[in-house]
Amino acid sequence: MTQRATEPCPSSCYTPASVKSRCFNLCLLGFGNVNRALVELLCSKRAEMREHHGIDWRITGIASRRLGWLVKPDGFDAAALNIEGLAGEKVSAQAVENLAGWLNTAQPNVLFEATSLNVETGEPAISRIRAALNHGAHAITANKGPIVHAYRDLRDLAALLGRCFLFESTVMDGAPVFSLFRESLPAVNVSRITGILNSTTNIVLTGMEQGLGFEQSLRKAQDLGIAETDPSYDIDGWDATMKLTALVNVILDVPLRPQQVQREGIRALTGDKVRRARADGQPYKLVCRAERHGDEVHACVKPEQVPLTDPLGLVSGTSSIVRFETDVLPGFTLTEENPGVETTAYGMLSDFIHAAKVSDHWTSGTRS
Ligand SMILES: NC(=O)c1ccc[n+]([C@@H]2O[C@H](COP(=O)([O-])OP(=O)(O)OC[C@H]3O[C@@H](n4cnc5c(N)ncnc54)[C@H](OP(=O)(O)O)[C@@H]3O)[C@@H](O)[C@H]2O)c1
């Protein structure tokens with residue numbers, strides 16, 4: 001494992017007398033919506049992070065399928081990276097051959113992994129996160145694949161190496177689901193999880209309630225850029241299944257695979273049925289449920305009628321909701337209203353601040 005000091009950044013860094021700022025080398029794997037939004041958020045919160053958290057940063061590596069493995073050991077000009085891409089920064093960056101060369105040259109303290117989901121295996125994200133941890137970096141991902149397929153391995157490896165493996169943005173974007181349990185609910189036993197976690201199905205069902213048929217409503221959602229060209233991942237319940245599996249793996253600490261979740265999408269619902277349900281005050285929602293039975297978990301994702309008197313019945317659009325039943329808090333519910341990609345980026349940024357604090361513990365020797 002390579003150890004590297006988080007040295008002060010070049011002259012641009014401001015270090016107030018009260019908080020000693022440390023500079024972290026950041027590497028971005030994947031440079032799509034999420035990591036670009038992250039760069040924007042990091043830039044907009046730069047002063048706040050320095051002054052209140054003693055954190056400074058520079059981006060030393062960016063990689064994607066099309067970009068290849070790009071490095072700037074002294075840091076990319078983050079302000080020049082924008083929603084359109086790398087702009088002139090690509091020209092002046094060094095291109096290396098592969099992941100090993102990238103890690104060796106960019107020397108990340110933190111890897112932000114935000115590549116596309118591989119539903120079947122979670123690869124190659126899992127191997128890359130493993131390599132970054134072994135190299136001495138904290139690893140933060142927005143990608144559900146590693147949590148669904150390799151949560152325990154990556155968690156244990158990170159613990160062994162004294163690094164963080166964090167993934168707040170994988171479920172409910174930036175809403176604090178995993179950190180809530182990690183930080184604020186120690187020794188709580190969760191017996192049941194219920195949620196509505198997929199926005200495309202919410203939006204298609206709303207369109208059907210307003211008079212459209214299934215295909216028409218789906219086409220409208222596609223035209224609005226909400227549903228994918230191939231919408232089956234959402235419509236057939238895979239996205240909700242991956243999110244539920246991630247929650248079970250982490251919060252219930254029971255290894256569950258997506259194939260073990262009983263899954264039914266919304267294709268079989270007709271417009272008439274959906275409108276009748278809404279008129280009866282019990283609209284259809286794609287509901288996720290997981291229930292602990294001893295050492296096992298029974299999990300399902302399927303359309304259900306939910307009364308409007310239940311907070312789950314009121315969730316629509318891109319909003320999502322999850323309810324936990326526990327031994328000490330009989331029921332508590334988190335609702336996230338209308339998140340955007342900046343919300344997802346915030347989940348990664350909050351993971352970064354947590355990882356930086358853990359680094360402080362390690363370097364000051366306070367970790368027991
Ligand atoms: N968008 C959201 O609000 C949101 C919310 C929660 C979680 N997530 C998760 O966050 C991740 C990123 O989402 P996104 O919206 O940013 O996706 P995106 O815009 O499609 O970007 C994906 C990025 O990953 C890169 N990539 C894909 N496969 C790769 C590979 N094998 N090797 C190297 N790079 C690879 C792509 O590179 P090229 O462009 O060069 O092909 C692209 O830069 C996904 O796993 C997604 O499920 C997204």
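Owing to the predicted nature of the structure, the values given are computational and were not obtained by experimental measurement. Note that ligands are numbered from 1 as they come in the structure, with each ligand's atoms numbered from 1 the same way.
Using 4.0 Å as the threshold, Leu117 has a heavy atom nearer than that to some atom of ligand 1. Within the 4.0 Å heavy-atom cutoff, Arg36 does not count among the residues contacting ligand 1.
With Gly32, Gly30, Ala114 as candidates, the residue nearest to atom 12 (C) of ligand 1 on a non-hydrogen basis is Ala114. Between Asp239, Thr170, Leu28, Asn33, it is Asn33 that holds the heavy atom closest to atom 15 (O) of ligand 1.
Closest protein heavy atom to atom 3 (O) of ligand 1: Thr344 OG1, 3.2 Å. Looking only at heavy atoms of the protein, atom 8 (N) of ligand 1 is closest to Ala142 O, 3.7 Å. For atom 37 (O) of ligand 1, the closest non-hydrogen atom of the protein is Ser64 CB, 3.4 Å. The protein non-hydrogen atom at the shortest distance from atom 43 (O) of ligand 1 is Phe31 N, 2.8 Å. For atom 22 (C) of ligand 1, the closest heavy atom belonging to the protein is Ser116 OG, 3.7 Å. The nearest heavy-atom contact from the protein to atom 1 (N) of ligand 1 is Val34 CG2, 3.7 Å. If you check which protein heavy atom lies closest to atom 32 (N) of ligand 1, you get Arg128 NH1, 2.8 Å. Atom 39 (O) of ligand 1 has as its closest protein heavy atom Arg66 NH2, 2.6 Å.
Interatomic distance, CD of Glu168 versus CG of Asp351, reported as 6.0 Å (0.5 Å rounding).
Among the atoms of Asn35, none of the N or O lies under 3.5 angstrom from an N or O of ligand 1. On a distance-only criterion, Val341 and ligand 1 share no N/O pair closer than 3.5 Å. Not one N or O of Ser169 is nearer than 3.5 Å to an N or O of ligand 1, by distance alone. Taking distance alone, with nitrogen or oxygen atoms compared against 3.5 Å, Thr115 approaches ligand 1 more closely than that limit.
Leu117 and Val177 are not part of a single hydrophobic cluster, where members link through side-chain heavy atoms under 4.5 Å apart.
Atom numbering of ligand 1 starts at 1 in the shown order; those under 4.0 Å from a heavy atom of Asn143 are 45 (O). The distance from ligand 1 to the heavy atoms of Lys144 drops below 4.0 Å at these ligand atoms: 47 (O).
Counting heavy atoms from C-beta outward, Val358 and Arg163 have side chains that stay 4.5 Å or more apart.
Aromatic ring orientation, Phe181 versus Phe332: tilted (interplanar angle from 30° to 60°).
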Checklist line | side-chain hydrogen bond (donor to acceptor under 3.5 Å, both in side chains) assessment of Lys72 paired with Ser92 | finding: CA-CA 8 Å; Lys72 270 198 177 183; Ser92 53; 2.7 Å; yes
Next item on the list: Report the C-alpha distance between Asn202 and Ser199 in whole Å, list the side-chain angles of each, state the deciding distance to 0.1 Å, and finish with yes or no for side-chain hydrogen bond (donor to acceptor under 3.5 Å, both in side chains).
Entry: CA-CA 5 Å; Asn202 277 345; Ser199 37; over 6 Å; no
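A 6.0 Å sphere centred on CD of Glu264 holds more than 12 heavy atoms belonging to other residues, nucleotides or ligands.
In summary, Arg267 and Asp236 engage in a salt bridge, as defined by a charged side-chain N under 4.0 Å from a carboxylate O. A salt bridge does not link Arg323 with Glu325: every distance from a Lys NZ or Arg NE/NH1/NH2 to an Asp or Glu carboxylate oxygen is 4.0 Å or more.
Formation of a donor-acceptor pair under 3.5 Å by the His138 side chain with backbone atoms of Cys164 is found in this model. Remark: the backbone N or O of Leu256 is paired with a side-chain donor or acceptor of Asn249 at under 3.5 angstrom. A side-chain donor-acceptor contact under 3.5 Å links Asn104 to the backbone of Ala100.
Using a 4.0 Å cut-off between heavy atoms, Asp173 contacts ligand 1 through its side chain alone, with no backbone atom that close.
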